[in-house]
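Notes follow once the structure below has been shown.
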Amino acid sequence: MGGAARGKTRAGEKGGASRALAFDLVVLLGLAALFVANLCLGSVETTPAEVLRIIAAGPGDTSTAAQVIWQIRLPRAIEAVLLGGALSLSGFLLQTFFANPIADPFVLGISSGAKLVVAVVMIVVLGAGQVMSPAASVGAAFAGSLLTMGFVLLISRRVRTQSMLIVAGVMVGYICSAATNFLVAFADDQSIVNLDNWSRGSFSGATWPDVAFIAVCVLAMGAAVFALSKPLGAYQLGEPYAQSVGVNVSGLRLLIVAVSSLLSACVAAFAGPVSFVGIAAPHLAKRGVRSSRPLYVTPACLLTGATFCCGCDLVARTLFSPVELSVSAVTAVFGAPIVIALMLRGRSR
Amino acid sequence: MTAHWGRAFSCRRFGTGLSLDDAERGQNLSQSVCTKKHVPNGQSALELRGLAVGHGQRALVRDVCLAVRPGQVVALIGPNGSGKTTILRTVAGQLRALGGVVELFDRPLGEVPPTERAQEMAVMLTGRPSTELLTCRDVVEAGRYPFTGRLGVLGEKDHEAVRAALEATGAADLAERDFSHISDGQRQRVLLARALCQEPRVLLLDEPTSYLDVRSQLEMLQLLRREARERGIAVVASLHEIDLAQKAADHVICIRDGRVTFQGAPEEVFTAERMAELYGLEPGAYDPAFGSVELARPEGEPEVFVIAGGGTGTACFRKLARDGVPFATGVLHEHDADGLLARSLAARAVYERDFEPVSERAVAEACEVLLGCRRVICCVGGFGTMNARNAELLDAARGAGLPVARSRPNPRDDFGKPHR
C-alpha cells in the first residue's frame, strides 16, 4: 500500500516529462507525414520516393518536378511549419500574459495592427520604386504589433473582465483591417494587387530568403521562450506569487510582450493574418501534455502549431485545386470550433 | 472584571514559558516612536520601523512598528479596508514603502536580492490563482523557484521538500488533482504547502482562514502554530476572525484609521474596550471571555425575567436577543457564563459576588425587577447551596400569578440532582 502510494508519488513527480516527450514524438511523426504530403500533392503529382530523390539531388535539377518542389513547395512547406509554430508560441505567451485561454495575436488585433503598418510601409516603398526586403517587412510588422499591443495593454488596464478584453481586441482588429482595406482600395498601384492577396492570409509565394529570415527569427524566439519557461511557470500563478518567489515581474512582462510581438510580426509580414492557430494549437498542446507548465508546453506548442498550419495549408492548396483557398479560412474552420468549445467550458465552471 | 481575567492570563502565561517581557514590549511598541532596541531576547526575523504604506503617493497606514521573532505568530487585525493587505504586500516587497524600513534579518528589504528574499520569505495571498491544467503538485512545486536551476527542473532535494510540505498540510492526497477543481479549504492547504516548501524563515499570510469552515480554520491555525514552533518560522497573518486571533497569536497588532491603534499580547488587546474601539462596536457587543461578538442588547423595560445561573441561561438569553425581547435576569454570579453574557444582552441583571451564596439583599432586588415583568422563564433545573435563594424568585412569580415557563433543560445539567 505504502509502496503503491510512493510509486504514484514518483509518477506524479516525473510523469509529466515523459508524457510530454511521448506527445511531442507523436506530433512530430504527424508533422513529418503532412510535410511529405505537402511536397507530393499538388497540380504536379509526385511520389514520396521521387520527392526524396529530387531533394537528395539538390536544387540544380532543371526538370519541372524538381523546379516545383525546390522553388515552390519546399519553401512554402517550411514557411508554413515555422510560421505555424510562431503563431502557436505567440498565442501561448499572450494567454499566459493575460491569463486568458482565448487570447492570441489574431483575436487581440495584433496581427491586424501589424498588417496595417506593413501595408503603409509597402505602399510607400513600392511607390518610391523600391523593393521590400524581408527585414523591412518584419520591422514594419513588429512596429505595428508593438503599437497594437500597447493599445490593447492600455485597454486591459481599464477593463476588469477577460471577455471585455477579447471584445476590445476584436474591435481593434476590425479598425486596423478596415484601415488596411481603405489603403488597398485607394492606392491604385499595380503592385498593390499583391498586397490584396497577402492581406487575406496565405503562405503562397514563399522564397528562400524569406524562409531563411523566418527560420532565424522563429528558432531564436522559440529558444528564448523555452529559456523563459521557468519564470513563465511562476507567472501562471499570478504576478504577486511570481514576485514572491523572486521573479522580476516587470522585466518578464516586457520580454513576453517583445517576444510574442516579434513572433506574430513574422507571421503578419510573410503570411498576413492567420486566424485561430494561436488559440487552437496551444490548447491542443496543453491537452496533449495534460499540463500547462511552460517547460512541457513550449516544445509541444511549437510542434502542434507547425503541424496544424502544415495540415491547413495542404487543405487550402489541394481541396479545390487549382483554386487556392486562403489559409486563414481553413485555419478558422478547424480552429474556431476549438475556441467555441473553450468558451463553453469556461462558462460551465 | 478585567482585573480578574488579567490575573488569570498572567498565570497561564508563566505556565507556557512566555516571559513578561512580551507584555512590556507590547506596551512600548504601542507608542508610535520606536527605536531599534525592542527585542530584548535574540534577533528579530522581521522588523518594521516607522513603516508607511499605501498605493501611489498617499499613505494608507503610517508609523507601523513591529518586531517578529523566529517562531512567533503575529496577527494583524482591523476593520475592512484598514490596510492590512497593503502592509503585508509592502513587507513582501510588492509595494514600495512610502516611508520607514522593513528589515529581514537585520538587512533592509530593498538591499536583499529577489532570489535571496524568496529563500527567506514566503507569502500566501487571498483568492485563488486561476490555473489551467495544473495539478496541485505543480502549484506547490512553484514554491521551489528560488532553489532550482535555469529551467526550473526539480532535483531530489526539491521533491523531498515538496513531499514534506504536502504531508505537513495534509494535502498529499490532493497532489495529482487539478488545482482549479478543488474546494476553498483544499486550496488554502495547497497554497500553504506552496509557501512552506519554499522553506521560509518568515511567512506572510493574508487572511489564511477566510472562506474556510470552522474545522479548516482550526486546522489552518494549528498548522501555522506547529510550523512556527517546530521550524522557528516567524509568521505574520492578517485575520478577520478575532476569536481565532485571540487564541492563536502570540502578538496582535491592531490597524485602524491609518495607524496602529494598539499592539501587544492577546490578553492585552482583546478587551471589550479595545475591540469596541477597533471595530466601532457598541459597548458590550464584544466579550473577551467568549472571544466573540453578540447581537445588540434589546433595549426597553424588561418584559421577561429569566431565572438562570451556571451557564443554564445562555441559549435563552440569545434567543430573547434574537427576538428583540428586552429581559431581566438574576441572581447571577458575576463571572459565570450567564453572568458574563447578561452583561452584553440583559436589559437589567442582578448579580452576586463570585463564590458567595446568593444574599437576601440580592434576591429582594431581583424580586422587585421580576414583579415588573410580564412572564418568567426558569432555566435552572434545580437549586444548590450557592443559589438556594433563587428558589424564592420562583415562588414570588407563582404568588404574583405570573406565567412561568421552563426552558428546555440544558443537557449539561445532568450532574446536579434537582433539589425540590
Side-chain angles (χ1 to χ4, degrees), chain A residues 5-6 8-17 19 92 95-96 98-102 162 226-252 282-283 285-298 342 345-346 348-349, chain B residues 88-89 92-95 112-119 121-139 141-154 156 158-160 162-163 166 172-173 175-181 191 194-195 198 200 204 206:
Chain A
R6 180 47 67 95
K8 203 180 150 204
T9 306
R10 300 263 175 214
E13 283 164 4
K14 309 270 158 61
R19 192 185 162 85
F92 176 61
Q95 285 152 26
T96 308
F98 289 108
N100 187 333
I102 47 178
Q162 294 291 333
F226 191 71
L228 281 178
S229 54
K230 183 182 171 185
L232 276 177
Y235 192 83
Q236 280 178 326
L237 291 184
E239 267 182 56
Y241 281 115
Q243 189 274 346
S244 83
V245 291
V247 178
N248 174 357
V249 172
S250 46
L252 179 67
H283 178 64
K286 284 181 223 166
R287 291 275 131 194
V289 301
R290 273 212 213 125
S291 176
S292 60
R293 297 182 77 157
L295 188 64
Y296 303 152
V297 175
T298 306
L342 268 176
R345 210 166 48 92
S348 73
R349 247 194 223 145
Chain B
L88 287 174
R89 289 191 59 194
Q94 300 184 350
L95 287 174
V112 184
T115 304
E116 238 172 89
R117 184 200 64 218
Q119 288 171 349
M121 180 160 70
V123 301
M124 177 178 152
L125 308 164
T126 47
R128 182 197 294 262
S130 66
T131 59
E132 190 192 1
L133 287 172
L134 283 185
T135 63
C136 295
R137 180 189 302 286
D138 291 332
V139 172
E141 284 179 355
R144 294 303 295 173
Y145 187 96
F147 302 94
T148 54
R150 192 79 194 82
L151 282 179
V153 179
L154 274 71
E156 195 40 52
D158 300 308
H159 283 303
E160 196 50 58
V162 169
R163 239 174 274 148
L166 283 168
D173 294 342
E176 313 310 327
R177 297 263 303 275
D178 190 323
F179 182 72
S180 57
H181 295 159
L191 288 177
R194 194 205 72 91
Q198 212 171 319
L204 307 177
D206 195 6

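Bear in mind the structure is a predicted one, so any value in this text is a computation, not a measurement.
Between chain B and the options Pro240(A), Gly233(A), Ala227(A), heavy-atom pairs under 4.5 Å are most frequent for Pro240(A). When each of Arg194(B), Arg89(B), Gln119(B) is scored by its heavy-atom pairs under 4.5 Å with chain A, the top score falls to Arg194(B). Chain B forms more heavy-atom pairs under 4.5 Å with one residue of Gln243(A), Arg290(A), Lys286(A) than with any other, namely Gln243(A). In terms of heavy-atom pairs under 4.5 angstrom with chain B, the leader among Ser244(A), Pro294(A), Gly238(A) is Ser244(A).
Here Thr131(B) contributes atom OG1 and Asp138(B) contributes atom CG; the two are 9.0 Å apart, rounded to the nearest 0.5 Å.
Interface residue Pro231(A): backbone and side-chain heavy atoms are both found under 4.5 Å from chain B. Only the side chain of Ser229(A) comes within contact range of chain B, with heavy atoms under 4.5 Å apart. Interface remark: Val153(B) contributes side-chain atoms only to the contact with chain A (heavy atom separation under 4.5 Å). Contacts of Thr148(B) with chain A are made by both backbone and side-chain atoms, with heavy-atom separations under 4.5 Å. Both the backbone and the side chain of Ala142(B) come within contact range of chain A, with heavy atoms under 4.5 Å apart. With a 4.5 angstrom heavy-atom cutoff, Leu166(B) does not touch chain A via any of its atoms. If you measure heavy-atom distances from Arg150(B) to chain A, the contacts under 4.5 Å come from both the backbone and the side chain. In this structure, chain B has heavy atoms under 4.5 Å from both the backbone and the side chain of Leu237(A). Looking at Gln198(B), only its side chain comes within 4.5 Å of chain A, counting heavy atoms on both sides.
Considering only heavy atoms from C-beta on, Leu154(B) stays 4.5 Å or farther from Phe147(B) through its side chain. Taking the side chain as every heavy atom from C-beta outward, Leu252(A) and Leu228(A) approach each other to under 4.5 Å. No side-chain heavy atom of Glu132(B) sits under 4.5 Å from any side-chain heavy atom of Gln95(A).
The pair Arg144(B)-Glu160(B) fails the salt-bridge criterion, with no side-chain N (NZ, NE, NH1 or NH2) lying under 4.0 Å from an Asp/Glu carboxylate O.
Looking only at distances, a side-chain donor or acceptor of Gln236(A) sits under 3.5 Å from a matching main-chain atom of Ser292(A). Of the possible donor and acceptor atoms, one in the side chain of Lys230(A) sits under 3.5 Å from a partner among the backbone N and O of Gly149(B). In this structure a side-chain-to-backbone donor-acceptor pair under 3.5 Å is present from Tyr241(A) to Leu125(B). With hydrogens and angles ignored, the 3.5 Å screen pairs no side-chain donor or acceptor of Glu141(B) with any backbone N or O of Val162(B).
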